[in-house]
Structure formats: structure tokens, C-alpha cells
Amino acid sequence: MNMIANLKTDITPEGPDYETVRKVIELISEDYRDQPSLETISAALNQSPTQLQKTFTRWAGLSPKGFLQAVTLDHAKRLLRQEELPLLETSLEVGLSGPGRLHDLFVTHEAMSPGEWKARGGGLTIRYGFHPSPFGIALVMATDRGLAGLAFADVGQEQPCLEDMTCRWPNAEYIEDSEATQSYATRIFQPGQWSADQPLRVVLIGTDFQVRVWESLLKIPLGRAVTYSDIAQDIGQPTASRAVGAAVGRNPISFVVPCHRALGKNGALTGYHWGLTRKRAMLGWEAGQM
DNA sequence: GAATGTCTCCATG
DNA sequence: CATGGAGACATTC
């Protein structure tokens, strides 16, 4: 439990702001029919409209109104439709020089061998730590080869979140070491520190099929989105969209491997392992980074 | 648009 | 070999 005490001293204000933002997004997605005004929302959260506006904008880089805009079906469709650039064919190297990726987080990745996957994490040492993030509490997991896991939890839900992750590689050795994971957290959640010069090292641990799907996800730049069938196409199995969905859902490095940029063919968000609210939050937050 | 129902596909265990 | 899912599509309100 002392991990929670540590949170306060870590990067702020991004951590606490998310609680407010989360409630706003939740409220809006439940009552979207009534088009709740800023006043209604702030009253429900027991805050003044101006204060809410301020918190929200600090978090999102967007006004609540702009954020709402960014999370509508219309906008999602727009993200999907920008087909002028060769999207999934774009290699990381090509992306490096592309102006559209200037503000994206750059990643180099390696995949574990099938043998290593079969060992279910055996022989692997994984260090982990909880850190505040713009999307709630982030669980960061790293091997000496690089970032291996990134998960999210709401306050008080750290334990189930940790189990969700450790179950995936049951034979690994786990060491709580938030000092070791801190630099990853800082790097990932501060767009100012995203740079193409020093890409983030990432290790993909999964089945062959899953790894191919995750590699495909890594090619989606900030401000774009693809459908599950696009990905199926990209990995050469055009009819496997449903299996792709399952694989996307098992992505162990959420956010860094941008599974939130995978949408249904009609632009609907369709699902997210760490909660649809978080998926909305990520898409909205990213809209504010562009 | 949203909600509901049906059909199909394929990785996973 | 059974299973079921973060899909796709059609139909209806």
C-alpha cells in the first residue's frame, strides 16, 4: 500500500486530474442523450464550472467542448478516413521523417521467440511499479530488454490490475521496483519528452499471431485510426478481423502499442480491455496533443 | 445514430 | 475439436 503513498510525490498534476476527467467522460457517455451542459456536469461533480473547465483543459489540452467533439462518432470516422498517406505500409523509418509523426512517441521493438513465449515468462525478471498518469494509475513492467507491460487501474484497483498482468507470464519473477520503472513512466506520459532520436525500447511477449497484430498497431501514427479489418488486411489475413480483435485485446503494452487507435468499421469504439472510458480519454487526450 | 439479432471466421486451449 | 470474441452487416426504431 505504500505504493499509493508514493503517488503523490510522483508526476503531477496529471494523476489527480484524471479522476475528474474520468467522471466527466463517464457522465457524458451515460447521459449523452440529454447533451449535458458544463453547468450540469460541474454541479454533478460538486465543482464550479470555471474550475472544472480549467482542470479539464489542463489535462486534455482541449476545452471540454473540443474534447467532446473529438470523441464523437463523426470525429472517429474522420480519423479512419484519412487515407491519403500509405498508412499501414508506412515503416517506422519512413515515419521518422514524416511531419505527421513529429509529436508521436517513437518505439523500437523486438519480439520474444516462440520458445520464450512457451516458457510463459520462465527465466524472465520483470520489474514493476505504479505511477500516476493522465489515464489513471499506470502499472509499468520492464525487463532488462525494455518495456514489456503497461496497464491501467483506477484508484484502489491496483491489485486486480497487477494480477491481470502477472497471469500472462505466470513463470516470470516479479520484483516491485518503481524506481526502475519511473523513467519509463515519465518518458511515456510527457509528450515533451517524446523524441525520434532515442526511441523507447519495447519487448513484445505473445504468440506469433498476436505479435504480428501488435506490430501492425505500432505503425498507426498519432491522430490516425484504423479498423480491425485494416489490421487483418495488413498482416495478410483479410478475413481474420475478429481474431485480430481478440489479439488487440490482449495487448500487454497498452497506450504505447496504440490499441486505442483500433476502431470498428463504422467508427464505433467497440471495446477496451481497461474500460471504454479510458479509450475515449486516450483518443480525446491525443486530439489535444496535435 | 442507437439497439438488437444473425452469420462467419479463426486463434486459442 | 470446441469455443467464443475489442467484428461485420442488416434491420428496425
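Letters A, B, ... mirror the listed sequences (proteins, then strands); counts begin at 1.
- Looking at A/Ser113 and A/Glu116, their side chains do bring a donor and an acceptor atom within 3.5 Å of each other.
- Residue whose closest nucleotide on DNA chain B sits further toward the 5' end, between A/Trp117 and A/Ala240: A/Ala240.
- When rounded to the nearest whole Å, the span between CG of A/Leu73 and C1' of B/dA3 equals 14 Å.
- Under the Watson-Crick or G-U wobble criterion, with both distances below 3.5 Å, B/dT12 is paired with C/dA2.
- Put simply, CD1 on A/Ile235 is 15 Å from P on C/dG7, counting in whole angstrom units.
- Per the geometry, CG belonging to A/Asp74 stands 10 Å off P belonging to B/dA2, to the nearest Å.
- A/Tyr18 and A/Trp59 have tilted rings, their planes meeting at an angle from 30° to 60° on a 0 to 90° scale.
- Considering only the side chain of A/Thr207, B/dT12 comes nearest among B/dA11, B/dG1, B/dT12.
- Rounding to whole angstrom units, CZ of residue A/Arg120 and C1' of B/dG13 are separated by 10 Å.
- Aromatic ring pairs are classed by plane angle as parallel below 30°, tilted from 30° to 60° and perpendicular above 60°; the pair A/Trp194 and A/Phe255 is tilted.
- Using a 4.5 Å cut-off on side-chain heavy atoms (C-beta onward), A/Pro199 and A/Val107 make no contact.
- Residue A/Ala246 is out of contact with every strand shown, counting any heavy-atom pair closer than 4.0 Å.
- In this structure, a donor-acceptor pair under 3.5 Å is present between the side chains of A/Thr181 and A/His131.
- Regarding A/Trp214, its CH2 atom lies at a distance of 15 Å from the P atom of B/dA11, rounded to whole Å.
- As a whole-Å value, the separation of A/Glu30 CD from B/dA2 C1' is 16 Å.
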Candidate pair A/Trp274 and A/Phe135, rule ring pair (Phe, Tyr, Trp, His ring centres under 6.0 Å), full reasoning: CA-CA 10 Å; A/Trp274 306 109; A/Phe135 312 108; over 10 Å; no

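- Atom CD in A/Gln233 sits about 13 Å away from atom P in B/dC10, given to the nearest Å.
- Using modelled atom types, one finds no donor on one side chain facing an acceptor on the other under 3.5 Å when comparing A/Thr55 with A/Asp17.
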Got a list of protein N/O to nucleotides 8-11 of chain C N/O distances below 3.5 Å?
residue, atom, partner, partner atom, Å
C/dA8, OP1, A/Ser229, N, 3.4
C/dA8, OP1, A/Ser229, OG, 2.4
C/dA8, OP2, A/Lys265, N, 3.0

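- A/Phe209 has its CZ atom 10 Å from the P atom of B/dC10, to the nearest Å.
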